[in-house]
Amino acid sequence: MAAMAALQSSFTSLSLSSNSFMGQRLSPITLCPVPGKSTEKPCLIVMRLKRWERKECKPNSLPILHKMHVKVGDTVKVISGREKGKIGEITKIFKHNSTVIVKDTNLKTKHMKSREEGEPGQIIKIEGPIHSSNVMLYSKEQNVASRVGHKILENGQRVRYLIKTGEIIDSAENWKKLKEAKQKNEEAAAS
């Protein structure tokens, strides 16, 4: 009993307040210092595309999309790399890393596993991506590769044209052909 009374008296002698711990005074802790102006750059968000590839992103976590001088349906000539000199049409564009897929160029071998029992595996050829800086727009009429320029027509439409030949690439006929080809591909995929 005497020990219990001694313990109670020692606890009452300690004064515990909101800013003290076991009788000792605590320094005020600031969890979030508020600076006047931060000179540091905001941290860049990085997106993982593949295990080894990281891309810078915008603040809303979407990848930064690069503008390219080519579009789907353009006829291009490969100007560097193993496929140098080949001419083909662009079938797909990847804006996050500025690469394009050109029909029947940069063929890669892919080993496919069998999907169902009894079905054999197969080896197929697929087109690999080429960086957009390694392709140049090509004129079929004059057989020349050229850089691309932009100009505004009389009706206010902004179009691309080949600098060497003056040939307009973004014409209404080209867009109609491209839309028809896209519809055929969708119908073929659906059936």
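Heavy atoms only: backbone and side chains are in, while hydrogens, waters and symmetry mates are out.
A distance of 10.5 Å separates NZ in K103 from OG1 in T75, rounded to the nearest 0.5 Å. The structure places NZ of K77 at 9.0 Å from NZ of K84, a figure rounded to the nearest 0.5 Å. Atom CG of N106 and atom NZ of K108 lie 4.5 Å apart (nearest 0.5 Å). Taking CG of D170 as the reference point, atom NZ of K151 lies at 11.5 Å (rounded to 0.5 Å). Interatomic distance, S98 OG to H66 NE2, rounded to the nearest 0.5 Å: 4.5 Å. A distance of 9.0 Å separates NZ in K95 from NZ in K67, rounded to the nearest 0.5 Å.
The cluster map of Ile, Leu, Val, Met, Phe, Trp and Tyr, joined by side-chain heavy atoms under 4.5 Å apart, puts L162 and V70 in the same cluster. When the side chains of ILVMFWY residues are joined at heavy-atom separations under 4.5 Å, either directly or via intervening members, I93 and V78 end up in a single hydrophobic cluster. Hydrophobic clustering of Ile, Leu, Val, Met, Phe, Trp and Tyr side chains at less than 4.5 Å, counting indirect connections, unites V102 with M68. In the hydrophobic clustering of ILVMFWY residues, with side-chain heavy atoms under 4.5 Å counting as a link, Y161 and V159 come out together.
Residues satisfying the side chain to side chain donor-acceptor pair (under 3.5 Å) criterion with E127, sequence neighbours excluded, are absent altogether. Looking at residues two or more places apart in sequence or on another chain, you find a salt bridge (Lys or Arg N to Asp or Glu O under 4.0 Å) between K86 and E83. Partners of N143 under the side chain to side chain contact (heavy atoms under 4.5 Å, CB included) rule, at least two apart in sequence or in another chain, are Y138. Shown here are the side chain to side chain donor-acceptor pair (under 3.5 Å) partners of T99, two or more places apart in sequence or in another chain: N97. Remark: S133 pairs with H131 by the side chain to side chain donor-acceptor pair (under 3.5 Å) rule, at least two apart or across chains. Scored by the side chain to side chain donor-acceptor pair (under 3.5 Å) test, S139 finds E167 as partners (sequence neighbours excluded).
Other residues sharing a hydrophobic cluster with M112 under the 4.5 Å side-chain heavy-atom criterion for ILVMFWY residues are I124, I126. Listed by chain and number, the hydrophobic cluster partners of I101 are F94, where partners are ILVMFWY side chains within reach of under 4.5 Å, directly or through others. In the hydrophobic clustering, L107 connects to no other residue, as no ILVMFWY side-chain heavy atoms lie under 4.5 Å from its own. Taking Ile, Leu, Val, Met, Phe, Trp and Tyr as hydrophobic and joining them when side-chain heavy atoms fall under 4.5 Å apart, one finds I64 isolated, its cluster having no other members.
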*Taking it one step at a time, do L137 and R147 satisfy side-chain contact (heavy atoms from CB on, under 4.5 Å)?*
CA-CA 7 Å; L137 285 166; R147 288 183 295 135; over 6 Å; no
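Under the 3.5 Å distance criterion, the side-chain polar atoms of N155 are matched with a main-chain donor or acceptor of Q157. Counting only distance, with no hydrogens or angles, the side chain of H69 and the backbone of V135 share a donor-acceptor pair below 3.5 Å.
Closest non-hydrogen pair, K164 versus S146, comes out as N-OG, 3.0 Å. Pairing each heavy atom of R160 with each of V148, the nearest pair is CB-CG2, 3.7 Å.
Between L153 and I168 the shortest side-chain heavy-atom distance falls below 4.5 Å.
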